[in-house]
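A note on names: the letters A, B, ... follow the listed sequences, proteins ahead of strands, and every chain is numbered from 1. Below, all heavy atoms of this structure are taken into account, side chains as well, without hydrogens, waters or symmetry copies.
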Number of protein chains: 2
Amino acid sequence: MLPLMTAIPATTHRGGPGGPPTSETLATAAYRRLRADIVEGRLAPGLKLKVHELARRYGAGPAPLREALAQLTAEGLAVRMEQRGFRVRALDPRALGELVRTRCLVEGLALRESILRGDAAWENAIAGSAHRLASLPVSLAPDRFIANPAWEAAHRAFHRALIDACEAAPLIDFCERLREEADRYRTLSSVASYPQRDVPAEHAAIARAALDRDAERAPALLAEHLARTGDVVRLGLKEGPEPAFRRGAAEPR
Amino acid sequence: MLPLMTAIPATTHRGGPGGPPTSETLATAAYRRLRADIVEGRLAPGLKLKVHELARRYGAGPAPLREALAQLTAEGLAVRMEQRGFRVRALDPRALGELVRTRCLVEGLALRESILRGDAAWENAIAGSAHRLASLPVSLAPDRFIANPAWEAAHRAFHRALIDACEAAPLIDFCERLREEADRYRTLSSVASYPQRDVPAEHAAIARAALDRDAERAPALLAEHLARTGDVVRLGLKEGPEPAFRRGAAEPR
DNA sequence: TCAAGCATTTTTGTCGACATTCTTGTGTCA
DNA sequence: TGACACAAGAATGTCGACAAAAATGCTTGA
């Protein structure tokens, strides 16, 4: 695989940026690809995950694949059924409510703390990410909706910047995880058109309130923003794509 | 799932309580035992986890063990170093601060929500678990401290009961995870004597405020309670047991 | 027609062996 | 001495094969 010239023998203990990340293991590679395929919806919720099939697909043996699956199970992206293999975790529309509710509470809390503790750098980061977000088109096409990856990334960065000064690392991680889970619902839902909503205006208002250090208004606006998105997704689910929703054994194949 | 007349064909293997959970797999068994050994401190933080050795210890091959390790990695109880195996995740005393802070914020939030939403059953559960907790001795020995498993369980149940009505399942799960992480620090710390603190009184006060539906006072008391415990642990760490703390390669073997 | 019983096929979970990589110990040269 | 290269040793990560279990299909009997 690699040239024998083990360029940097024992140094670069931790392959940080710059040094070689100590060659990725097959299990990790499979994990990353599998994870992306689930999060981005290419593997539908509820789908059976046959080890052999995945092994072929990702070019590895069963062992690394099972490793990856175990990891995803712990993350809640897959479920294991003893002696019956793995599946992509099904999405329960009833759970969506509590998920959104949790996001509103927790992300609001983190924003409030950030407002109380944030410094100038935090303000700058918010202003910067808000500006960048506003400068990008939500959709790649002007008439119909085609997700713009750059906008998505900027969106993530903006929300992250808001809560970045809360000085509670586990809390930030939790928010990210909740967002990812919510994204799975959004991807699945037919949230094509973004109806009667001025999302950029919502973002702008949140940013303004945060920069004004309004510890009451900013979290409230953020919660409202998240709840509204949740409503749109919920609607898109109701009348949306049928396939692969029931968690039972009613799967293709 | 349906009574296919498979009454109890091949179960008995590992007859769990109640219904047959379809015989536990070796990987899952190893996972559970390994996890317990880490959480309860029998495997010190930072310790190298050699697959072959663990395989012997838990009576299984390398494959199930790697599966278990991958799962624990995702949970944050172990860390994987590509091409260099696994270790028990080291505890960073500096991270303890943010951990405690997060607990105060999040558990306080969950309690506030529970107070706003809880019904009579919630109140009963609090009163009941508080009573049981008060009826048990903290220590098995009257003079020196020997952890009482029954008290520990009741303690968990009490804290859980407080936030159980917040109607945000992910939030509750998060609280449990944070508690577990905090417990790892506590176990490691030499928190032998419980000095100048009336822990039962703190619990009683929290329970009273919660039952009074005081959405200001109860979360504040709870946060104070958690923070105080955090302080005790922090002290116990400073002058506590040296072994296995540095995250570097300075491990026994 | 339908349900139950049996045989077949698919899939899961596990093992033992092996190549690769990291680690450790020793010797060599400045 | 000290740095370096190198070789022996150990540990990791991966494969292919295999037994056990589950799912599937088929046959039979009311």
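- Rounded to a whole Å, the CZ atom of A/Arg84 is 14 Å from the C1' atom of D/dT24.
- Residues A/Glu167 and B/Arg101 are not paired through a salt bridge, judged by the lack of any N-O separation under 4.0 Å between the basic side chain and the carboxylate.
- The interatomic distance linking A/Glu24 (CD) with D/dG13 (C1') rounds to 13 Å, in whole Å.
- Side-chain contact between B/Glu107 and B/Thr102: absent, with no pair of heavy atoms (C-beta onward) separated by less than 4.5 Å.
- B/Phe86 places its CZ atom 9 Å from the P atom of D/dT12, with the value rounded to the nearest Å.
- Salt-bridge formation is detected for the pair A/Glu176/A/Arg179: a Lys NZ or Arg NE/NH1/NH2 atom is positioned less than 4.0 Å from an Asp or Glu carboxylate oxygen.
- We find that CD of A/Gln83 is positioned 11 Å from C1' of C/dT11, with the value rounded to whole Å.
- Whole-Å rounding puts the A/Leu65 CG to C/dT11 C1' distance at 14 Å.
- One finds no side-chain N or O of A/Ser23 lying less than 4.0 angstrom from the OP1 or OP2 phosphate oxygen of C/dT21.
- Side chain of A/Pro62, nearest nucleotide from D/dT12, C/dT11, D/dG16: D/dG16.
- If you find the closest nucleotide of DNA chain D to B/Leu49 and to B/Ala63, the one lying nearer the 5' end belongs to B/Leu49.
- For D/dT12, neither phosphate oxygen OP1 nor OP2 lies less than 4.0 angstrom from any side-chain nitrogen or oxygen of B/Arg66.
- In this structure, CZ of B/Arg87 is placed 13 Å from P of D/dA11, rounded to the nearest angstrom.
- Side-chain contact check for B/Arg103 versus B/Leu178: some heavy-atom pair is nearer than 4.5 Å.
- Picking from C/dT12, C/dT14, D/dC15 the nucleotide with the shortest atom distance to the side chain of A/Leu26 gives D/dC15.
- Ion pairing of B/Arg80 with A/Glu67 is present here, as a side-chain N (NZ or NE/NH1/NH2) and a carboxylate O approach within less than 4.0 Å.
- With rounding to whole Å, A/Glu82 atom CD is found 18 Å from D/dA20 atom P.
- Residue A/His52 contributes atom NE2, which lies 19 Å from atom P of D/dA21 at whole-angstrom precision.
- Checking the phosphate oxygens (OP1, OP2) of D/dT12, a side-chain nitrogen or oxygen of B/Lys48 falls inside 4.0 Å.
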